[in-house]
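Every chain is numbered from 1, with letters handed out A, B, ... down the list of sequences.
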2 protein chains.
Amino acid sequence: MTGDDTFDIAPDWVDGETKALEAPHDHRAELRLWLRLLTCSTLVESEVRRRLREEFDSTLPRFDLMAQLERAPDGMVLGEVSKRMMVSPGNITVLVERLTESGHLSRSTLPTDRRVQIIALTPFGRAEFEKMAARHADWISDLFAGLAPDDGSVLMDELARLKRSIIASLARGA
Amino acid sequence: MTGDDTFDIAPDWVDGETKALEAPHDHRAELRLWLRLLTCSTLVESEVRRRLREEFDSTLPRFDLMAQLERAPDGMVLGEVSKRMMVSPGNITVLVERLTESGHLSRSTLPTDRRVQIIALTPFGRAEFEKMAARHADWISDLFAGLAPDDGSVLMDELARLKRSIIASLARGA
DNA sequence: CGAAGAAATTTCAAGCTTAAAATTGTTTGG
DNA sequence: CCAAACAATTTTAAGCTTGAAATTTCTTCG
């Protein structure tokens with residue numbers, strides 16, 4: 001390290017450790033990957049929103065909320081819905097208000113704990129949701145139609161890895 | 001397998017063509033893929049929003065707007081920004097108002113066509129953006145850190161195919 | 001029992017987003 | 001020239017979203 005005195009000032013880059021500290025890993029590949037992922041997701045989401053509005057005069061948040069309730073015939077607690085949808089609790093309040101007014105949802109208070117609200121699809125709400133869900137599946141299928149089955153499998157697998165990576169990072173950062 | 005004629009009434013599924021008409025392609029795989037994509041993108045987006053707010057008291061739309069302007073030293077027309085960000089024009093108006101008030105952006109009217117507004121980063125805005133961009137790159141890098149380089153390449157490639165599929169579908173549907 | 005603490009939900013203030021209508025400015029065909 | 005068409009942007013109305021503060025209702029422990 002210090003044996004050669006010919007040059008009394010060595011350039012920074014001769015020291016591997018210093019270099020590693022000063023020039024961290026290039027982030028460009030990850031950024032491009034993230035932007036591409038975001039583009040795909042934004043394109044699909046915008047199209048789904050547009051069609052829900054045009055064909056059903058509805059919105060994506062309402063659709064998502066009903067989708068959560070579809071497989072819960074006995075209803076679901078508000079907090080549980082909020083967690084599954086990954087949105088703030090206050091958000092659910094407003095959505096439920098409107099969907100209850102329009103007759104899609106019923107709400108009731110748990111008798112044994114009056115803090116707890118339980119919401120469920122009404123028969124009307126279920127019927128409406130099923131119409132939307134069928135169209136929704138068609139739209140997604142069409143948007144993804146250019147993808148070969150193999151590509152779909154690979155993508156599914158890689159996204160699973162990405163999801164694990166994200167969750168691990170969130171856990172580290174917490 | 002097929003040698004047994006004991007049953008004179010064949011089930012529906014023996015007729016491939018009938019089946020194809022009556023039971024269209026199962027959409028479940030595409031739906032699962034879309035939900036997984038959406039989950040990844042929501043997780044990353046929420047985390048980026050949270051950190052922009054906590055570390056810079058800023059928001060993702062503001063960051064995105066400045067990012068568009070970063071590589072346009074001479075500024076950009078509002079409509080162009082709107083297209084690149086894939087948001088409605090009216091949206092840009094509000095964002096630009098606030099970022100101009102806070103000194104991050106300058107705006108001017110094109111002398112030869114007074115309908116056209118040109119916005120650009122101020123030196124202050126550029127400096128602020130660069131701080132944010134560096135942190136942003138770190139966050140993304142960390143969120144994606146669990147992904148092996150090969151997985152990143154594969155994902156990049158598959159997302160490119162998906163993007164083409166989506167755009168082709170949008171073109172068909174239009 | 002009764003108060004402190006925890007849990008579920010709602011309210012609030014601020015900001016983002018969109019589509020549609022309105023405004024302002026430019027271009028063009030008669 | 002000038003009215004109609006077109007273009008860029010802003011305004012408007014409605015809805016979504018969030019974090020933080022407030023509210024209501026249990027639960028627990030002294």
Please report the distance, rounded to the nearest Å, between [atom1] in [X] and [atom2] in [N].
| X | N | atom1 | atom2 | value |
| --- | --- | --- | --- | --- |
| B/E80 | D/dA7 | CD | P | 16 Å |
| B/L78 | D/dT11 | CG | P | 12 Å |
| A/I119 | C/dT10 | CD1 | P | 10 Å |
| B/R114 | C/dG25 | CZ | P | 6 Å |
| B/F56 | C/dG15 | CZ | P | 19 Å |

Worked check of side-chain contact (heavy atoms from CB on, under 4.5 Å) between A/V116 and A/T109 | CA-CA 6 Å; A/V116 178; A/T109 302; over 6 Å; no
Reading nucleotides 14-20 of chain D 5' to 3', which nucleotides get B (base under 4.0 Å from a protein heavy atom), which S (sugar-phosphate only), which -?
-> -SSSBS-
Heavy-atom nearest nucleotide on DNA chain D taken for B/E97 and for B/K83; more 5' hit belongs to B/K83
With the side chain of B/R115 defined as its heavy atoms from C-beta on, choose the nearest nucleotide among D/dT25, C/dT9, C/dT26.
->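 The answer is C/dT26, which lies nearest to the side chain.
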Sort out for me which residue in A/E47, A/E55, A/E54 forms a side chain to side chain donor-acceptor pair (under 3.5 Å) with A/R51.
->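 Testing A/R51 for a side chain to side chain donor-acceptor pair (under 3.5 Å) against A/E47, A/E55, A/E54 leaves exactly one candidate, A/E47.
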Apart from A/V154 itself, members of its ILVMFWY cluster (side-chain separation under 4.5 Å) are B/V154
Any side-chain to backbone donor/acceptor pair from [X] onto [Y]? Under 3.5 Å, distance only.
| X | Y | answer |
| --- | --- | --- |
| B/S106 | B/T122 | no |
| B/R126 | B/E70 | yes |
| B/T100 | B/V96 | yes |

Taking only the side-chain nitrogens and oxygens of A/R107, find out if one of them lies under 4.0 Å from OP1 or OP2 of C/dA8.
-> no
Take the C1' atoms of the five end pairs on each side of the helix from C/dC1-D/dG30 to C/dG30-D/dC1, get both axes, and report the angle to 10 degrees.
-> 10°
Indicate the atoms forming the closest heavy-atom contact of A/C40 with B/L159, along with that distance.
-> SG-O, 3.7 Å
Looking at the rings of B/F63 and B/F56, which for Trp means the six-membered one, are their centres under 6.0 Å apart?
->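 Ring centroids of B/F63 and B/F56 are no less than 6.0 Å from each other.
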Indicate yes or no: does A/R53 engage A/D57 in a salt bridge with an N to O separation below 4.0 Å.
->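 Judged by the 4.0 Å cut-off on N to carboxylate O distance, A/R53 and A/D57 do not form a salt bridge.
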